[in-house]
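Every number for a ligand or one of its atoms is a count from 1 in the order of the listing.
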Amino acid sequence: MSEIRVRFAPSPTGYLHVGGARSALFNYLYAKRNGGKFILRIEDTDQERSTEESLKMMVADLKWLGLNWDEGPHPETLKDMGPYGPYKQSERLKNYKEAAEKLLADGKAYYCFMTDEELDAAREKVKADGHQGHVESPWENGTVADALKKISAGDKAVVRFKTRHLRKDYILKDLIRGEVRFPSDMIGDFVLLRSDGMPVYNFCCVVDDYQMKISHVLRAEEHLPNTLRQLMIFEAMGWKTPEFGHISLILDDDRQKLSKRKGAVACDQFMKDGYLPEAMNNYLALLGWSHPEQKEIMPMQEMVEQFSLDRVHSAGAVFDRVKLKWVNAQHLRSLPNADIYNLISPFLKQAGLNLPADLNWQMQSVEIFKPYMEILTDAVTLYTPLDDSKYEIFAESDEALAWPTSKAVLEAWKDCVAAHAGETFNEADFLRIQDEVKNKSGQKGKNLFFPIRIALIGKPHGAELKILVPLMNKSSILKRAEKALAKVK
Ligand code: GLU
């Protein structure tokens with residue numbers, strides 16, 4: 001069997017969408033599973049929309065996901081890496097021109113001089129005649145020599161692929177969808193090169209897939225209609241067609257195509273929101289593929305070992321944000337505490353939190369907070385009440401502080417904390433002190449708990465105290481109690 005070579009071929013016209021990331025992942029897994037090569041090709045012939053910035057963003061996102069490619073732009077320098085470059089289509093124009101010349105010389109394509117107005121009129125006529133046909137160009141049977149003369153005289157022409165004589169069904173044995181049949185008359189003569197000489201996607205894609213020796217094209221289902229054109233071009237060039245597998249769409253929970261109306265769809269947004277790359281890969285793999293034993297949580301290595309196209313389903317996969325979070329939580333909680341602290345640190349810093357530098361405290365805090373963390377940004381909510389400089393008494397506390405019973409509770413709280421022998425409190429210390437305050441003040445229920453909560457976190461609702469108190473020290477708790485007392489005096 002010849003070498004497995006697959007590619008991910010993004011157009012650098014924006015961010016890397018999770019759908020693109022999933023296509024990249026499936027190609028990566030397929031290559032790794034089969035000892036093949038994973039190629040990154042940049043489809044930037046749409047020069048108005050393609051940007052270097054978008055290319056850099058996509059490269060950064062793929063690197064973050066760890067989907068390292070064997071050939072393509074170098075991940076740091078973006079210089080070509082591999083024997084089949086250039087890997088950017090804008091640098092391969094010569095290749096497309098040569099392929100187009102071959103099709104022209106073989107009579108499989110022609111220069112078409114129809115103007116936009118003529119094309120519109122011809123389309124209207126086809127419609128008015130009520131048949132499903134296609135525009136027939138009067139230039140279809142012109143000679144290349146005549147056309148070149150007209151072009152050198154300043155006329156503009158596109159190069160069109162001839163379809164009318166094909167008259168057959170193209171049968172695609174799709175590796176994921178099974179047999180797909182395309183009658184050739186589904187489409188009319190289509191453009192290969194625009195009048196400015198720029199090639200179109202379908203043409204570049206075929207030339208590159210052939211010249212880069214791509215064995216399998218795994219891409220999103222939305223490209224299925226392009227595949228007919230591509231099959232026609234492969235055949236006309238006399239090139240062996242790669243295998244194709246079209247991966248189902250990713251859907252929103254209302255079963256529409258995934259869109260940003262429902263939340264983030266850009267890969268880097270998930271990074272900024274505190275998702276782990278291993279969790280993203282794990283979840284994206286499950287959007288269309290399943291483990292033979294229905295395992296849901298697994299590292300990349302296991303996905304590589306188990307991946308096969310037989311287990312990729314053709315039905316649309318719903319992007320379930322709750323499940324993604326859950327998958328992230330499983331990966332996050334399985335990490336050593338020190339790694340978790342390193343991962344959350346940049347988020348805590350970014351939120352401007354001032355927290356103890358003591359390593360033991362940091363490990364203890366992760367141990368306590370871990371069960372409450374699903375994504376890294378959850379740490380910000382969890383750690384904020386621990387930063388003394390962020391302590392304030394929020395307006396929602398006013399009502400409870402105005403109760404005539406609150407002062408006695410706060411005083412008792414302050415005294416009991418002060419009387420505690422150690423500098424820190426464990427959960428049992430906290431519960432015991434709460435009981436002492438109850439006895440001393442004669443208050444219970446919310447009359448007891450609200451003032452204590454306010455004295456600790458500045459508000460009567462929110463974070464769970466018994467997990468916070470063990471991470472605070474006596475002087476901090478006392479200072480907070482004084483601030484609360486000052487409000488009732
Ligand atoms: N540039 C195309 C895209 O971004 C690639 C399609 C393909 O994989 O053939 O959708």
Heavy-atom nearest neighbour in the protein, as seen from atom 1 (N) of ligand 1, with distance rounded to 0.1 Å: Glu43 OE1, 2.6 Å

Relative to each other, are the rings of His291 and Trp289 parallel, tilted or perpendicular (30° and 60° limits)? perpendicular

Lys168 charged N/C atom sitting above Tyr170 aromatic ring, 6.0 Å / 45°: yes

Heavy-atom contact check, 4.0 Å cutoff: does Phe8 meet ligand 1? no

How close does the nearest protein non-hydrogen atom get to atom 10 (O) of ligand 1, and which residue and atom is it? His223 NE2, 2.7 Å

Can you tell me how the ring of Tyr283 sits relative to the ring of Phe319, calling it parallel under 30°, perpendicular over 60° and tilted otherwise? perpendicular

Decide whether the shortest distance between a heavy atom of Arg7 and an atom of ligand 1 is less than 4.0 Å. yes

Taking the six-membered ring of Tyr87, is the NZ or CZ of Arg41 close enough (under 6.0 Å from the centre) and on axis enough (within 45°)? no

Geometric cation-pi criterion, Lys213 with Tyr84: 6.0 Å, 45°: no

Residue and atom name of the nearest protein heavy atom (relative to atom 5 (C) of ligand 1), distance in Å to one decimal: Ala9 O, 3.1 Å

Those atoms of ligand 1 less than 4.0 Å from some heavy atom in Cys205: 9 (O)

